[in-house]
Every structure is written in C-alpha cells, then in structure tokens.
Amino acid sequence: MEEKVVAVIMVGGPTKGTRFRPLSFNTPKPLFPLAGQAMVYHPISACKKIPNLAQIYLVGFYEEKEFALYVSSISNELRVPVRYLREDKPHGSAGGLYYYRDIIMEDSPSHIFLLNCDVCCSFPLADMLEAHKGYKGMGTMLVIKVSAESANQFGELVADPATKELLHYTEKPETFVSDLINCGVYVFTPDIFSAIQEVSSHREGRANLSRVSSFEALQSATRTLPTDFVRLDQDILSPLAGKKKLYTYETMDFWEQIKTPGMSLKCSGLYLSQFQINSEHLLASGDGTKNARIVGNVYVHPSAKVHPTSKIGPDVSLSANVRVGAGVRLINCIVLDDVEIKENAVVINAIVGWKSSIGKWSRVQADGDYSAKLGITILGEEVTVEDEVVVINSIVLPNKTLNVSVQEEIIL
C-alpha cells in the first residue's frame with residue numbers, strides 16, 4: 001500500500017501581521033496577493049506536487065468565514081483537498097500541530113509536512129521528502145546559507161557537513177553561530193506528536209512543582225508559557241539537536257520571509273520569475289500593438305483592462321478589474337482589485353490598494369529598498385491621488401485623498 005503524506009500550513013491569525021498594515025486591515029495577510037495569487041497559494045500549489053498527498057490543512061486562528069470562500073475555490077482550482085482548521089487560541093507553531101493531531105492523522109500518513117505561510121521560496125518538497133527518507137530521522141528542515149550580518153534575525157543552526165544531522169539550533173542568537181538558517185519548512189514522521197507531548201507533560205510537571213514551591217523562577221517560567229503552547233524552534237528543535245533525530249536539507253534557490261509590505265513586493269517579483277519555470281501560462285505578453293508592451297515578468301488578471309499604449313513591467317502584478325489608461329508606465333508594483341490608473345501616470349516600487357485611483361500625469365514611486373520602512377510607497381484601500389500629484393517614499397492609510405505632492409511621509 002502506498003504511503004500517504006499530509007501537509008499543514010500555519011497561517012497565524014489577526015493578532016499577527018501588525019507589521020503588514022495597512023494592507024492587512026481588511027484582508028488576512030495569507031490572502032494578500034503575490035504575483036496575482038494569494039500568499040498561501042504558493043505553498044499550497046507546491047504541496048500539490050508531493051507524491052501521494054492526501055490532504056492539505058491550513059491551521060490558524062482567523063475566523064472561519066475569512067477563509068471559507070478561498071479554501072473552496074482553491075480546492076476546486078488545484079483539485080486538491082484543502083481544509084481550514086481554526087485554533088481556539090494561539091498554540092504555538094508545534095502546539096497548533098498537536099492540537100489537531102487526531103484530524104491530521106485521520107489518513108494515517110507516514111509523513112507530515114509543516115510549512116509557514118509567510119515564507120517565500122521554491123518549496124523543493126518532493127526532493128526534501130526523498131532526502132528525509134534517506135536520513136531515517138524524525139524530522140528534516142529546509143535550511144539556506146545567508147550573509148553573516150543577517151543570520152541573527154533567524155534561527156541559526158549547525159549541521160554535520162557529511163550526515164546533514166542537526167547538531168545545534170538557537171533562535172535569533174545574540175552572537176554569531178552560523179550562516180545556515182531555518183527556512184520554516186519541515187517534514188516529520190508522526191513521532192513529532194510524542195516529542196510535542198513530552199514538552200507539554202514536562203511543563204505541566206514544572207507547573208505542579210511551582211504550586212508547592214516558592215522558587216520564583218519556576219513560577220515566572222510557567223506563567224509566561226501555558227502547557228499547551230509549544231514552539232517548534234525553542235521547545236523541539238533546540239533540545240533534540242545532536243540526538244540523531246533531526247536533519248537538514250539545504251536549498252540553493254531563493255528564500256525570503258514575508259513580514260512587511262516591502263518584502264511582499266520583493267517576493268511577488270520572485271514568484272513571477274518562478275512562473276517562468278513552472279507556470280508560464282500565468283505570465284502576460286504583449287508587444288505594444290494590440291496589447292500593452294510587456295517587459296519582463298508580468299501578471300495581468302483576465303478581467304483587467306490595460307490600454308495598448310501603456311508599458312508594463314518588469315515585476316508587475318495587476319489584480320481583478322484594474323483599469324490602466326493610455327501612456328501609463330508601471331514598474332515593480334502590485335496593483336490590487338478595482339484600481340484605476342489614469343493616462344500618463346507612473347507607478348514604480350509601490351503597492352496600490354484596493355479601489356484606489358491615480359490621476360493623470362501623477363507619479364507614485366519609491367527607492368525600492370524593501371527592508372526600509374518607507375522604501376516602497378504604499379497606498380491603502382480607497383486612496384485617491386489627484387491629477388499631477390507626486391507621492392514618493394510614503395505610506396498612505398485608507399480612505400485618503402491627496403491633492404498635493406508628498407515625500408517620505410506617513411499619511412494618517
């Protein structure tokens with residue numbers, strides 16, 4: 001009998017993603033479009049390619065109604081069963097998995113993939129599974145080499161160069177440990193549930209001990225973390241490193257974490273370039289005769305209306321019902337549903353929010369520094385930029401009208 005595999009994608013909840021504002025006010029961050037597809041679409045479509053995949057679960061604590069429509073449409077589109085499981089409260093990256101262990105194990109899978117939704121990469125899941133089977137451990141994590149300067153923003157790890165065993169793991173260390181970091185993509189055998197249960201039981205034991213002890217350190221430790229809140233990195237990966245249970249699989253491809261709007265714009269471009277390899281049908285084309293002139297990788301929703309004299313790209317994503325006027329120039333931007341960009345306007349290094357309008361001869365642009373707070377320009381929902389107004393390196397909150405030019409401002 002063929003072994004079955006299930007995938008769990010952690011999508012978080014409304015208390016997370018505050019750094020993603022103003023784009024997450026009315027849209028859950030996992031449903032924000034990158035390269036014309038919801039953020040969560042990219043890991044879902046990667047999971048579809050795993051051999052013998054039985055089910056994909058999205059686990060988070062958003063209201064079910066926020067995901068119901070998307071889950072039903074993506075299940076039909078990709079012909080893969082997707083189900084949303086709502087946590088009653090945050091349980092941590094490992095605790096959320098454990099909370100739904102009975103449902104996850106319904107298909108008796110031999111392997112369970114665990115992915116974080118806000119990770120952008122090529123998701124080499126099938127190759128990772130093959131490597132994992134060869135290691136014969138409990139879990140394998142995707143890792144990547146980064147610059148020594150940026151490594152401490154992530155979980156740093158040391159792996160055996162020959163066996164790939166995880167020897168040491170530390171989350172966001174104060175001193176440099178390694179330029180190998182955790183990518184937030186894992187594959188486990190069902191033994192992971194026993195490891196999570198051990199952490200909970202151990203914590204429960206300490207909680208009971210603290211009730212009869214005046215030892216304050218124990219009390220503060222148990223107060224901060226409930227017994228059913230288990231973090232994958234600090235509570236599972238760190239203690240099990242060096243015990244021949246966890247292994248690493250290194251990706252040589254791209255990888256980014258999507259914490260801010262700036263990074264979402266960068267990742268949209270990365271996914272557009274990946275479409276060239278695996279989804280070329282999603283990319284637009286045009287030479288400026290009957291259709292707009294397309295430069296580089298561009299996604300245009302079928303319902304968007306783009307004037308043939310406009311020039312679009314590279315790295316542009318146009319969502320549903322976008323209207324682009326004559327002579328418009330778009331470079332490196334995400335334009336969301338129902339936006340109108342009028343004649344001869346220019347948009348560079350920017351995200352234009354739903355139902356916004358950019359007037360004739362206006363410019364909305366930024367330097368394109370993805371990690372700087374004002375490195376890209378963001379227009380929130382229903383922002384109107386009037387004719388001949390220039391908006392540079394600024395964030396504009398929803399429902400604002402700009403009739404004068406602004407630079408390096410946050411418009412509240």
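- For residues 70-89, the set of pairs meeting the ring-ring contact (aromatic ring centres under 6.0 Å, His included) definition, not counting sequence neighbours, comprises Phe67-Tyr84.
- A side-chain donor-acceptor contact under 3.5 Å links Gln276 and Asn297.
- Between Phe154 and Trp255, a ring centre-to-centre spacing shorter than 6.0 Å is recorded.
- Using a 4.5 Å heavy-atom threshold, the side chains of Ile44 and Leu58 count as touching.
- In this structure, Lys164 forms no cation-pi arrangement with Tyr247, as its terminal cationic atom is not both closer than 6.0 Å to the ring centre and no more than 45° off the ring axis.
- For the 3.5 Å distance criterion, the side chains of Ser147 and Ser150 qualify, holding a donor opposite an acceptor.
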Could you walk me through whether Asn403 and Thr401 pass the side chain to side chain donor-acceptor pair (under 3.5 Å) test, one step at a time?
CA-CA 6 Å; Asn403 50 19; Thr401 296; over 6 Å; no
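- Ring geometry, His91 versus Tyr99: the interplanar angle falls under 30°, so the pair is classed parallel (tilted spans 30 to 60°).
- Using a 4.0 Å cut-off between a side-chain N of Lys or Arg and a carboxylate O of Asp or Glu, Asp287 and Arg293 do not qualify as a salt bridge.
- For the pair Asp337 and Lys355, the salt-bridge criterion is not met [side-chain N within less than 4.0 Å of a carboxylate O].
- The minimum heavy-atom distance between Val143 and Cys183, with the atom names listed, is C-SG, 3.6 Å.
- Note: Trp354 and Phe32 have perpendicular aromatic rings, judged against thresholds of 30 and 60 degrees for the angle between ring planes.
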Test side chain to side chain donor-acceptor pair (under 3.5 Å) on Gln407 and Asn393; report intermediate values, then the result.
CA-CA 6 Å; Gln407 183 165 353; Asn393 289 33; over 6 Å; no
